[in-house]
Peer 1: 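Provided herewith is a single structure, encoded as structure tokens, for subsequent inquiry.
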Amino acid sequence: MRAQVVLFDGFDPLDVIGPYETLTAGGIRTELVTTEGPREVPAGMDLLSLRATAQLDPDAGLVVVPGAAALQDDETFALLSKAATTIGPVLKATSATIATVCGGSLLLAMTGLIKGRNATTNHLGLQALDRLGVNAIRARIVDDGDLVTAAGVSSGIDLGLHLVEREAGAQKALEVEALFAHERRGTAWRVA
């Protein structure tokens with residue numbers, strides 16, 4: 001499996017680094033991408049920048065979409081909305097499993113891609129997610145088959161571990177947990 005973590009101007013660094021490192025440690029080939037291709041991408045709040053090394057490929061096995069980092073809610077929604085205009089059209093053509101961290105599910109909801117699906121986001125955005133036509137679930141991880149979403153910004157490692165377990169098995173996920181000295185929090189909510 002190949003995983004791609006999508007960067008956009010204003011992304012939240014922890015939403016990216018948590019799943020990126022966890023997936024990589026779990027033996028899943030993971031790369032940082034943008035819809036435009038390789039470039040330096042600034043995080044929100046001028047925190048740092050990361051270098052995307054490839055272009056978003058709708059045929060990747062797994063695509064991870066982070067949320068945005070801003071001081072004000074309206075700024076966050078503006079960053080997510082702007083990113084939705086470029087990321088959404090590419091993901092409409094994908095057969096990949098899509099995973100999100102924090103506001104990444106709001107970004108997908110803004111495009112209409114997850115309307116009627118089960119998803120979570122940061123507790124502050126659950127009502128907005130619901131208003132966008134998504135069945136908002138208050139859980140740390142929501143696994144709805146080819147859509148796996150994680151709640152707040154600190155849940156990116158738990159999302160990565162959940163995805164490693166799905167792809168490589170429970171033993172590999174436990175090995176990564178031990179490597180990171182991290183214990184997963186919460187139960188993954190799954191569609192029956």
Side-chain angles (χ1 to χ4, degrees), residues 1-34 40-54 56 60-70 76 79-80 83 87 91 96-108 119-126 129 137-144 147-170 172-190:
M1 170 185 269
R2 178 172 56 123
Q4 294 190 320
V5 181
V6 185
L7 302 179
F8 57 86
D9 292 355
F11 71 90
D12 189 304
L14 196 55
D15 287 3
V16 169
I17 298 300
Y20 177 85
E21 281 200 50
T22 308
L23 292 168
T24 300
I28 298 170
R29 187 170 51 110
T30 308
E31 58 191 348
L32 300 176
V33 302
T34 68
E40 197 74 19
V41 185
M45 300 189 307
D46 295 321
L47 293 170
L48 53 81
S49 64
L50 293 175
R51 176 109 184 116
T53 58
L56 176 58
L62 171 66
V63 176
V64 180
V65 180
T76 301
L79 290 168
L80 292 172
I87 296 169
L91 293 183
T97 294
I98 300 175
T100 67
V101 181
C102 200
S105 58
L106 286 167
L107 185 156
L108 294 182
T120 193
T121 190
N122 183 293
H123 68 280
L124 298 172
L126 285 169
L129 195 60
I137 307 292
R138 184 178 292 273
R140 190 154 178 89
I141 305 289
V142 172
D143 186 331
D144 192 4
L147 174 65
V148 183
T149 56
V153 67
S154 67
S155 64
I157 293 172
D158 292 338
L159 172 70
L161 289 166
H162 182 79
L163 294 167
V164 167
E165 183 174 344
R166 275 180 48 156
E167 179 63 22
K172 181 54 100 174
L174 287 169
E175 290 169 12
V176 176
E177 276 189 39
L179 177 66
F180 288 4
H182 174 81
E183 291 182 20
R184 283 190 258 185
R185 292 183 49 213
T187 300
W189 187 94
R190 294 176 205 234

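Side chains included, hydrogens not; waters and symmetry mates left out as well; all remaining heavy atoms used.
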Peer 1: Starting from the C-alpha separation in whole Å, work towards a yes-or-no answer on side-chain contact (heavy atoms from CB on, under 4.5 Å) for Val41 and Asp9.
Peer 2: CA-CA 6 Å; Val41 185; Asp9 292 355; 3.7 Å; yes
Peer 1: What distance do Cys102 atom SG and Leu124 atom CG have between them, rounded to the nearest 0.5 Å?
Peer 2: 8.5 Å
Peer 1: Quick one: are Leu91 and Val65 in side-chain contact, heavy atoms under 4.5 Å?
Peer 2: yes
Peer 1: May I ask you to decide if Gly67's main-chain N or O and Asp12's side chain share a donor-acceptor pair within less than 3.5 Å?
Peer 2: no
Peer 1: If I take atom CG from residue Leu23 and atom CD1 from residue Ile157, how far apart are they, to the nearest 0.5 angstrom?
Peer 2: 11.0 Å
Peer 1: Just wondering, do Leu159 and Thr22 contact through their side chains at under 4.5 Å, heavy atoms?
Peer 2: no
Peer 1: Does the pair Ile141 and Val148 meet the rule for a side-chain contact (heavy atoms from CB on, under 4.5 Å), with working shown?
Peer 2: CA-CA 7 Å; Ile141 305 289; Val148 183; 4.0 Å; yes
Peer 1: Measure across Ala119 and Leu147 and return the closest heavy-atom pair with its distance rounded to 0.1 Å.
Peer 2: CB-CD2, 4.5 Å
Peer 1: Give me the atom names and distance for the closest heavy-atom approach of Ala150 to Ser155.
Peer 2: CB-OG, 3.2 Å
Peer 1: To the nearest 0.5 Å, how far apart are CD1 in Ile137 and CG in Asp144?
Peer 2: 9.0 Å
Peer 1: Can you name the closest pair of heavy atoms from Asp158 and Arg185 and give their distance?
Peer 2: OD2-N, 3.4 Å
Peer 1: Counting heavy atoms not belonging to Arg51, are there more than 12 under 6.0 Å from its CZ?
Peer 2: yes
Peer 1: Counting C-beta onward and ignoring hydrogens, is there a side-chain heavy-atom pair between Leu107 and Thr100 closer than 4.5 Å?
Peer 2: no
Peer 1: Please round to the nearest 0.5 Å and tell me the distance separating atom CD of Glu40 and atom OG of Ser49.
Peer 2: 3.5 Å
Peer 1: Heavy atoms, side chains only, cut-off 4.5 Å: are Pro19 and Val101 in contact?
Peer 2: yes
Peer 1: Could you walk me through whether Val164 and Ile28 pass the side-chain contact (heavy atoms from CB on, under 4.5 Å) check?
Peer 2: CA-CA 8 Å; Val164 167; Ile28 298 170; 4.2 Å; yes
Peer 1: Ignoring hydrogens, what is the shortest heavy-atom contact between Ala168 and Gly26? Give both atom names and the distance.
Peer 2: CB-O, 4.3 Å
Peer 1: If I take atom CG from residue Asp143 and atom CZ from residue Arg166, how far apart are they, to the nearest 0.5 angstrom?
Peer 2: 4.5 Å
Peer 1: Taking C-beta and beyond as the side chain, do Arg190 and His162 meet within less than 4.5 Å on heavy atoms?
Peer 2: yes
Peer 1: Which heavy atom of Arg2 sits nearest to which heavy atom of Ala60, and what is that distance?
Peer 2: NH2-CA, 3.7 Å
Peer 1: Could you tell me the separation between the CG atom of Leu126 and the OG1 atom of Thr120, rounded to the nearest 0.5 Å?
Peer 2: 5.0 Å
Peer 1: Within the supplied structure, the quantity of interest is the number of heavy atoms (other residues, nucleotides, ligands) at a distance under 6.0 Å from Glu183 CD; does it exceed 12?
Peer 2: no
Peer 1: Closest approach of Leu129 and Ser105, non-hydrogen atoms and distance?
Peer 2: CD1-O, 3.8 Å
Peer 1: Start with the C-alpha gap between Phe11 and Leu50, add the side-chain angles, then the distance that decides, and say whether side-chain contact (heavy atoms from CB on, under 4.5 Å) holds.
Peer 2: CA-CA 10 Å; Phe11 71 90; Leu50 293 175; 3.8 Å; yes
Peer 1: For Gln4, does its backbone N or O pair with a side-chain atom of Thr30 as donor and acceptor, under 3.5 Å?
Peer 2: no
Peer 1: May I ask you to test the Ser154-Arg140 pair for a side-chain heavy-atom distance under 4.5 Å?
Peer 2: yes
